[in-house]
Amino acid sequence: MRKRIAWLLIPAVATALTGPVAAASPTYSEVSPKPYVRAAEAETPLAQGLTLTSFERLYPHGWAKGWLLTAQLSHPALSTDLITAPGVTEGEPLSAMAARAGAIAAVNGDFFDIGQTGIALGTSVKSGQFLQSAIPDWPLGAGVGRDRIGRLMSVVLEGSITLPSGTYPLGAVNLPTVPSGTIGLFTPLWTRDRSAATVGASEAVEVVVRQGKVVSVSPTVTDGPVPDDGFVLVGREAYAAPLAALQVGDPVTLEYHANPDVLWAVGGQRYLVAEGVVTPGLDDVTRRPRTALGFSADGSTLFLATVEGGSTASSGLTLREMAELMKGFGAASAMELDGGGSSAMVARLPGTEGLTLLNRPSDGQERRIPNGVGIFAQAGSGIPHYLSVQGERRVFPGLSRTLSVSALDEQYGPAQAAPPLWSLAGPGVLAPDGRYTAVQADGTPVAAGTEVVVAAESGGLTAATRLKVLGPLARIVPSVEGGLRLHPEEGTVFTVMGYDADGFAAPIDPADLTVSFDPALIRFEREGDSLRAIPLAEGTGLIVVSVQGHEAVIPFAAAYRTTVLDAFANPAAWQFERYPAEVMGGVAPVEQAGTDPTQGAGDAAAGPTGAAMVLSYIFGPASGNRAAYLQASEPLALPGQPVRVGMWVKGDGQGAWLRAVLQDASGARYTVNLAPAVDWTDWRYVEAEVPAGVQYPVSLHRVYPVETDGTRIYAGSLQFADLTVRDAVEMPAAPPPVAPPRDLILAPAAPAGEGSWSFAVLDAMPPVEPALVFRMALAANPVFFLVDTGLREPVQQALAEAGAADVPVYEMAPPERFFDVGNVRFILLGTGQGGLRATDFNQLEGLRTLLYLAGNSETVQQVIVVGGETPLDFADRREGELIQRWLTEFEDASGKAAAYLASGGFFPKVTRVEGIPYIEAGSPMVPRVFTVDPTPGSVWIRMEQ
């Protein structure tokens, strides 16, 4: 830690131009920042006493995306409880479970007996009622006491059974196997077979009780349901005799409760944090979706966290990382809840009425689970307490921005507010409907850089937002690549983005756009700052959007060619595959799928006419998802460039999720959804969209039903016929966009001013006459050379031969982290592995720290970040966007100029994004000379021709 503090306290270095001055400080790799970078974090109130924090973190292994619920347990308007499926042996998606209970937020709960009974493995207590005992060897739990304080605790059963012969201890509640030498209780919450209750018992008796009276006594466990107005007792070994002595009509009474006495409790697998310390020995290798529960040190605050996993968007966390995350958010104690495909979080977002599933379950859809932890809030009044102005916060000179107002009640639920009265502080025009136009009263555009405040008042409440006027509109770009493929029913939504000369972007308000199109083929509807193009007839054409003299042409196609393939006629082309090995089944041909061959294939009224393949399967007990595959022996090539792929399926009504896997020309495979549940038994046509970005041609790899509920056991069969490809017709050609003018960095309008100085950039050694090349570069009197990795020694030797041995040479990568020349700080980054994370993860935190130091330095006025390639080309796009955001935030916070310089690219190029120029020197084998010009108002960095 002492080393890091010393690094952060490095003073500003000298500014003389006698040569670059590098800081004598640790390299990136010698610094030990946090094992992650905080990429994003936002807090949203959900109700009084309850907030939702969304977060993204970048770890050396990749991204982690998650959500945290923070609930104040003592808040009078808030309560918490266990939420459950209708029975302890049943499963239910968290969203349905939480909605039925009336929760406004919830996470999944305990691990459970997936593939067997479906029961939670730990103790379950709900609203003070003991629902289920923990299985042996699953003692850990957590809950909230009647004092509304949360704790990690082992909650156990205390109870007794009073019979005519005496009182006996109760040993278990709703466990599939009654522990040896005890009496077990089954309540109406147990809805499955009880035959396993006496496995291994030398003696056992079952007693059925209704309304407090014995109705049957049996020496074996029966298969009858537990009566709604009663219960079932099973006694084993020594406790079989007292039950066997009972007679029909004998009274039986029960008393049982949780110890300690709690409002609710849930089980978990292991404690992650205890007394503020991360549990030693937690796994730090396996990353997966995670859910955890925690409490503050005084137990007054509940933390519920879910981290998504199983994708490039979020790879999940290890147990140790999850423990560190919980501790970092303030949990002094924390417990692991079920993860993987069970991980889920739902919440009622502000202004909405229903629950939103926040994470993307790794199974592709919510898993059926036995319980969860729910948060409840008092109902709001529906009377507005908060106003919020909605809408884009940027506008171009002369253009407009339409704002709106939303109202929330005291519990952040939707409220109805009277139409607002709008007011404006600053130049421009504000219409009564909330549309602001950046135009002065005399008709001239509002100046770039101007900020105005737009306020709204309704019912005594006010809210305001700040609008910033960007630079003059320089270009427009529709948010579509390759044109619009219009969906036949819903159409397609697109936005027209505007950019100023510095790369600052904002959507163009549709009211400012002029749109030219064929009204016989297409119509438009406004959706916020976007447009929805809806086809009226089949055809193709061009949409022309224009604003302030800038124009963009968008080709569109609203027509499809349908090709029906008799792909299931050849039995040798298909085979049966399964997952896991316990799944049984097979494939076989069916003579004729359709019943009326005079009808066209694919006709919804007639059904299929081609040959069919039948997939038969048996989903037996398993500990996870089960799937049966109708798999092509070789991927089946689909004609053309399909945008939708479908087929006719004769269902079995079993409700399995129906999916397909496509393979593109690169070998990449894409899973698509054909139907969320096969709940039909006749023939039905199903279809899926081909994912965007595939490389054609595309092939069909497999079709399969998948069952995500491990408790469901069944057999089924599906028939498949008439594989159908919908191929969008070719887009019409659009004229090439007008090339933007050459950037001033590459083509300055005036020579550099007094006090300017230069440096040289070299990507590769000149192949011929290197001495002559270097002498030409030295004519510009560069203060130093920036060269690609590995070129320092040969460049130093070439410079020595040219009589310039004293010119410093720096590689475009660490070990040096930064050096200063004049008032410019150069920050060096290694990007050789496609980005900072893969090359040296410590660079990320180091870059952010160096930007902070530069922003607070009295001598540094500009920053040039140097890397082998720009963040625009990083292998991890999101990592590149993070760096871009940091650089823009640096300029905005410090008022100092920044640029990113890379040696890559095929030719010199400048791309401006959100105020930052990203300069590619063009992989030069001759030195590129750049000049820094301190003259106020000049182009401060330029490339000499």
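These numbers come from a predicted model, not from an experiment.
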Is N359 reaching over with its side chain to a backbone N or O of M345, donor-acceptor style, under 3.5 angstrom? yes
S315 versus T312: any side-chain heavy-atom pair under 4.5 Å? no
Is there a side-chain contact between L718 and L658, using heavy atoms and a 4.5 Å cut-off? yes
So, R100 and E92, do they make that salt bridge, N to O below 4.0 Å? yes
Taking H75's backbone N and O only, do any of them form a donor-acceptor pair with Q48's side chain (distance below 3.5 Å, no angle check)? no
Apply salt bridge (charged side-chain N to carboxylate O under 4.0 Å, His left out) to E321 and R290, showing your working. CA-CA 10 Å; E321 289 168 343; R290 303 283 182 188; over 6 Å; no
So do the side chains of D110 and P370 get within less than 4.5 Å of each other, counting heavy atoms only? no
Verify the distance criterion only: is there a donor paired with an acceptor across the side chains of T117 and T89 at less than 3.5 Å? no
Can you tell me how the ring of F186 sits relative to the ring of W190, calling it parallel under 30°, perpendicular over 60° and tilted otherwise? perpendicular
Taking the side chain from N625 and the backbone from D363, do they hold a donor-acceptor pair closer than 3.5 Å? no
Where the side chain of E353 meets the backbone of P414, is there a donor-acceptor pair that is under 3.5 Å apart? no
Would you say the side chains of T51 and E43 form a donor-acceptor pair under 3.5 Å? no
Intermediate values then yes/no, side-chain contact (heavy atoms from CB on, under 4.5 Å), W264 and K126: CA-CA 5 Å; W264 62 266; K126 177 181 180 181; 5.7 Å; no
What's the spacing between R210 CZ and D229 CG if we round to 0.5 Å? 4.0 Å
Measuring from atom OG1 of T177 to atom CZ of R236, what distance do you get when rounded to the nearest 0.5 angstrom? 7.5 Å
Any side-chain donor near an acceptor of the partner, S311 and R360, under 3.5 Å: yes
NZ of K327 to OG1 of T279: how many Å apart, nearest 0.5 Å? 10.5 Å
L243 and side-chain contact (heavy atoms from CB on, under 4.5 Å): which single residue from V214, V217, L163 fits? L163
Hey, does the side chain of R192 reach the backbone of E90 with a donor-acceptor pair shorter than 3.5 angstrom? no
If we count only N and O atoms by modelled type, under 3.5 Å, do the side chains of S717 and D652 hold a donor and an acceptor together? no
F295 side, atom CZ; L152 side, atom CG - distance, nearest 0.5 Å: 6.5 Å
How about T84 and L189: do any of their side-chain heavy atoms sit closer than 4.5 Å? no
Test salt bridge (Lys or Arg N to Asp or Glu O under 4.0 Å) applied to E707 and R578, R712, R368, the passing residue: R712
Looking at G620, is its backbone amide N or carbonyl O close enough to the side chain of R626 to form a donor-acceptor pair, meaning the two atoms are under 3.5 Å apart? yes
Within the side chain of T356, is there an N or O that forms a donor-acceptor pair under 3.5 Å with the backbone of L358? no
Taking D409 for the side chain and Q411 for the main chain, is one N or O donor matched with an acceptor at less than 3.5 Å? yes
Can you confirm whether T301 sits close enough to T70 that some side-chain heavy atom of one is under 4.5 Å from a side-chain heavy atom of the other? yes
Can you confirm whether T80 sits close enough to F376 that some side-chain heavy atom of one is under 4.5 Å from a side-chain heavy atom of the other? no
Interatomic distance, CG@L325 vs CG@L68, rounded to 0.5 Å, equals 7.5 Å
Give a yes or no on whether the backbone of L94 and the side-chain of E366 come within a donor-acceptor separation of less than 3.5 Å. yes
Can you list the steps and then say if S195 with D223 is a side chain to side chain donor-acceptor pair (under 3.5 Å)? CA-CA 7 Å; S195 60; D223 202 16; over 6 Å; no
May I have the step-by-step check of side-chain contact (heavy atoms from CB on, under 4.5 Å) for F130 and E158, ending in yes or no? CA-CA 10 Å; F130 194 98; E158 283 192 356; over 6 Å; no
Side chains of V661 and Y704: does their closest heavy-atom pair fall under 4.5 Å? yes
Looking only at the side chains, is there a donor atom on one of R367 and S342 sitting less than 3.5 Å from an acceptor on the other? yes
Measure the spacing between CD1 of I369 and OG1 of T291 and express it to the nearest 0.5 Å. 8.5 Å
Check whether NZ of the Lys or CZ of the Arg R57 lies under 6.0 Å from the centre of the six-membered ring of F329 and within 45 degrees of that ring's axis. yes
Side chains of L78 and L73: does their closest heavy-atom pair fall under 4.5 Å? no
